[in-house]
Amino acid sequence: MFYTLTANPAVDMTVSCNGLVPNENVRSGSASYTPNGKGLDVSYAFKKFGVDSVALGFFAGFTGKFIVEETMNMGCLCRPVWVDGITRICAYINDGENEYGVLNPGAPITPQNEQELYKILDTAGNLDCLVVSGSVPPRASKDFLDKVVDHAQARGADVVLDLSSSKLKDLAAKKPLLIKPNHHEMREIFGVQIDTDDDARRALAMAHEIGIQNVLLTMGSRGSAYFSNGEDIWYAQRQFNIKLVSSVCAGDSTLAAFLHKWYDDRDNVEDALKLALATGANVAESVGLGDFGHVEEYSKRIAVRKLPR
Ligand SMILES: O=P(O)(O)OC[C@@]1(O)O[C@H](CO)[C@@H](O)[C@@H]1O
């Protein structure tokens, strides 16, 4: 069974308007409020593929209650750790031309809250794979993520990391099964700007050198991705354009789709990449995750090639 951990969940407020005007109020054309956070998005996307998972995380106040209730309404299993405060609201604004995101810090957690989470990990049934995604809340212990990985690995679970922080580099020594950086995060972590296959090769090799087993490197709006298992590298490219509505949950859904195909069939990289990019593209065409209505059709329009060794 997959477990996901969203240490810092969020209600996403997605707003569209006809341009922002400095020092003036503008009225939005539409606003939606959706339960989110990176690991939760992975659980929601799994559910759309008929895959069950258990969503873990720290939740607080009315927003935390909303997320947990909506998660269960979607048919996802959820084991919340309740903390004081209010789970954050993150604002995403589309002014017709650009997307803007304002990500708030979230409800602080205590060492007791962390212990409660470790206890859940120590006793969780069928913990095969833990997907740890997103930022950590204020006041988390410095070694919080190290301990999360240790507790999961002590149970024999694989660990997948989708973290933008520099902490990812420290955790590499624990040999995570897979990481999913985008090209911006890869540049920040390894100092390599990725414009060509050779740039990707260099950055991917650096990730493997420090202990990471597999890397799914997404290239954002370019509609492409690399996957490397340390022996071979594949490159996938979408062959169609999309009408962008919100790219916010696209990366998380891409990861869920990839894991869904690849986790139990590690040779099936080509199909996993096709489903991953198709899902990310379709999710970017709606607010939140959308209905995955075009995923099957889009999967047929992704080109995949293996890079020469
Ligand atoms: O602050 P984090 O955890 O890095 O990112 C939070 C967040 O941007 O990630 C999701 C999209 O990936 C959104 O639903 C959510 O608001």
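Whatever order the structure lists them in is the order used to number ligands and atoms, beginning at 1.
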Trainee: For residues 206-231, which residue pairs pass the ring pair (Phe, Tyr, Trp, His ring centres under 6.0 Å) check, not counting sequence neighbours?
Mentor: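 Output for this query lists Tyr226-Tyr235, Phe227-Trp234, Phe227-Phe258, Phe227-Trp262.
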Trainee: Got a sec, which residues hit side-chain hydrogen bond (donor to acceptor under 3.5 Å, both in side chains) with Ser141, two or more places apart in sequence or on another chain?
Mentor: Glu114
Trainee: Got the residues with a heavy atom under 4.0 Å of ligand 1, by chain and number?
Mentor: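 Contacting ligand 1 under 4.0 Å are Ala10, Asp12, Asn36, Gly37, Lys38, Asp41, Arg88, Cys90, Tyr92, Leu103, Gly134, Ser135, Val248, Asp252.
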Trainee: I want to know whether Phe66 and Tyr33 have ring centres closer than 6.0 Å.
Mentor: no
Trainee: Sub-3.5 Å donor-acceptor pair from the side chain of Arg79 to the main-chain atoms of Ala55, do we have one?
Mentor: no
Trainee: State which residues pass side-chain hydrogen bond (donor to acceptor under 3.5 Å, both in side chains) with Ser43; sequence neighbours excluded, sorted by chain then number.
Mentor: Thr4, Ser53
Trainee: In Å and rounded to the nearest 0.5 Å, what is the CG to CG distance from Asp84 to Asn113?
Mentor: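 If I round to the nearest 0.5 Å, the distance is 7.5 Å.
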